[in-house]
Asker: 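I have a structure here, written as structure tokens, and I will follow up with some questions on it.
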Number of protein chains: 2
Amino acid sequence: MQRMTRQRAAVVEVLADSEEFRTAQQLHEMVREQGHSVGLATVYRTMQAMVAAGEVDVLRTAEGEAMYRRCAATEHHHHLLCRECGRTEEIDAALVEQWAESVGRAHRFSNIEHTAELFGTCADCAADEDV
Amino acid sequence: MQRMTRQRAAVVEVLADSEEFRTAQQLHEMVREQGHSVGLATVYRTMQAMVAAGEVDVLRTAEGEAMYRRCAATEHHHHLLCRECGRTEEIDAALVEQWAESVGRAHRFSNIEHTAELFGTCADCAADEDV
DNA sequence: ATATCACTTGAGAATGATTCTCATGAGCAG
DNA sequence: CTGCTCATGAGAATCATTCTCAAGTGATAT
């Protein structure tokens, strides 16, 4: 049902060019820097649709802000995010899945979901701070 | 430096009587149901202070809303939260700590922090649904 | 008990992210 | 090309949270 519009294309393109997680606001600004004119509401709508379609990852900062990133892997996974530069590593976490399952079972909870994100300072940024 | 005021006492009491995680808004309402009059801003301020002091746990719902709960354990830990009734299990997650550390090291990230919460349906609520 | 004073409070304004409204615009099937 | 329907955008609306600042009140010394 999704129509391909100029706006949607612009948002998708910016997202595709970006390695890291971005807030909707950042995406909006990036799109206009590219010369396109797209409403903020449209950025939000596009992100919602893509999240629903499993085409992007979402995560929440400690402040509760949503961040989006294109997502190649369709399987469930987690992230390690540099809090300085936003660089993101996609990490495999079979361990966490197992942990979640077993803890859930131990407490007799069903239908377990979980969130898990790591934040840190990447090697490059840590080096910069020594200056 | 924390003064004990009527308002702060009321908030602390409501929190103490509550087993589960509550939003600031819920706490505010509960306090007034108890007959006390406390401003919403004060609830937020009190929660901020208690979080800083490590006396309460915070977590974010998928929608980015903050929820608070009194916290006996002073050590770092995680939660398993029933999405139906809000019931909370405090879980030990030495495994997750180790995982976070080792993943961080593997990617040469320093100063690792992490979030991890589990959501599910507890046995009681699962039983109710069969009706 | 009293005065003192810095820390608290509360009502409402301010902020910031996100969602909604609705009139207008534009894909796309026929 | 036409028409129908969904998409868009500007701004209003919503929601959680924080800020502002005048007025209130613990804690402490007197």
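Keep in mind that this is a model prediction, so the values were computed, not measured. Here is how names work: the chains are called A, B, and so on, in the same order as the sequence lines, proteins then strands, and each is numbered from 1. As a basis for the values below, the full set of heavy atoms in this structure was taken, side chains included, without hydrogen atoms, waters or symmetry mates.
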Asker: Show me the donor-acceptor pairs, under 3.5 Å and distance only, between side chains in residues 22-45 of chain B and residues at least two apart or in other chains.
Answerer:
from     : atom 1 : to       : atom 2 : distance (Å)
Arg22(B) : NE     : Ser18(B) : OG     : 2.8
Arg22(B) : NH2    : Ser18(B) : OG     : 3.4
Thr23(B) : OG1    : Gln26(B) : N      : 3.1
Gln25(B) : NE2    : Tyr44(B) : OH     : 2.9
Gln26(B) : OE1    : Thr23(B) : N      : 2.8
His28(B) : NE2    : Val38(B) : O      : 2.9

Asker: When you check the side-chain N and O atoms of Glu20(A) and Thr88(A), is any donor under 3.5 Å from an acceptor?
Answerer: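 The answer is yes; a qualifying pair exists.
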Asker: Tracing side-chain links under 4.5 Å among I, L, V, M, F, W and Y, which residues wind up in one group with Met4(B)?
Answerer: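 So far as hydrophobic clustering goes, Met4(B) is joined with none.
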Asker: What integer distance in Å separates Met4(A):CE from dA7(D):C1'?
Answerer: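 So the two atoms are 12 Å apart, to the nearest Å.
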Asker: From the options dT8(C), dT17(D), dC28(C), select the nucleotide whose nearest atom is closest to the side chain of Thr5(B).
Answerer: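 When the side chain of Thr5(B) is considered, dT8(C) is the closest of dT8(C), dT17(D), dC28(C).
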Asker: Any donor-acceptor pair under 3.5 Å linking the side-chain atoms of His114(A) with those of Glu101(A)?
Answerer: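 No, His114(A) and Glu101(A) have no side-chain donor paired with an acceptor closer than 3.5 Å.
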Asker: Let me spell it out: for each of Met67(B) and Gln7(B), pick the nucleotide of DNA chain D with the closest heavy atom. Which residue's pick is nearer the 5' end?
Answerer: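 The 5'-side residue here is Met67(B).
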Asker: Donor-acceptor pair under 3.5 Å: do we get one between Arg3(B)'s side chain and the base of dA6(C)?
Answerer: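 Indeed, a donor on one side and an acceptor on the other fall under 3.5 Å apart.
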Asker: Scan Glu90(B), Glu19(B), Glu13(B) and name whichever one has a salt bridge (Lys or Arg N to Asp or Glu O under 4.0 Å) with Arg70(B).
Answerer: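 Of the listed residues Glu90(B), Glu19(B), Glu13(B), the salt bridge (Lys or Arg N to Asp or Glu O under 4.0 Å) partner of Arg70(B) is Glu19(B).
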Asker: What is the distance from CZ of Arg6(A) to C1' of dA26(C), rounded to the nearest Å?
Answerer: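 Atom CZ in Arg6(A) sits about 10 Å away from atom C1' in dA26(C).
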Asker: Using a strict heavy-atom distance below 4.0 Å, which residues from residues 42-49 of chain A are in contact with DNA chain D?
Answerer: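 Here the set is Thr42(A), Arg45(A).
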Asker: Under 4.0 Å, heavy atom to any atom of DNA chain C: which of residues 19-41 of chain A qualify?
Answerer: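 Gln25(A), Leu40(A), Ala41(A), in order of number.
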Asker: Check the distance between dT19(C)'s C1' and Glu65(A)'s CD and give it to me in whole angstrom.
Answerer: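 Glu65(A) atom CD is separated from dT19(C) atom C1' by 16 Å.
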Asker: Excluding sequence neighbours, so at least two apart, what forms salt bridge (charged side-chain N to carboxylate O under 4.0 Å, His left out) with Glu113(B)?
Answerer: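 Partners of Glu113(B) under the salt bridge (charged side-chain N to carboxylate O under 4.0 Å, His left out) test: Arg83(A).
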Asker: Please report the C-alpha distance between Phe119(B) and Thr115(A) in whole Å, then the side-chain angles of each, then the deciding distance to 0.1 Å, and finally whether the side-chain contact (heavy atoms from CB on, under 4.5 Å) criterion is met.
Answerer: CA-CA 8 Å; Phe119(B) 301 90; Thr115(A) 64; 4.1 Å; yes
Asker: Measure CZ/Arg8(A) against C1'/dC28(C) and give the value in whole Å, please.
Answerer: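 Result: 15 Å.
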Asker: Is it the case that the side chain of Thr121(A) and the backbone of Cys125(A) share a donor-acceptor pair, with hydrogens and angles ignored and the cut-off at 3.5 Å?
Answerer: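 Judged by distance alone, no pair lies under 3.5 Å.
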Asker: Could you tell me how far apart Arg60(A) (CZ) and dG16(C) (P) are, to the nearest whole angstrom?
Answerer: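 One finds 18 Å between P of dG16(C) and CZ of Arg60(A), rounded.
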Asker: Under the side chain to side chain contact (heavy atoms under 4.5 Å, CB included) rule, collect the residues that match up with Ala49(B), sequence neighbours excluded.
Answerer: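 Listed in chain order: Gln2(B), Arg8(B).
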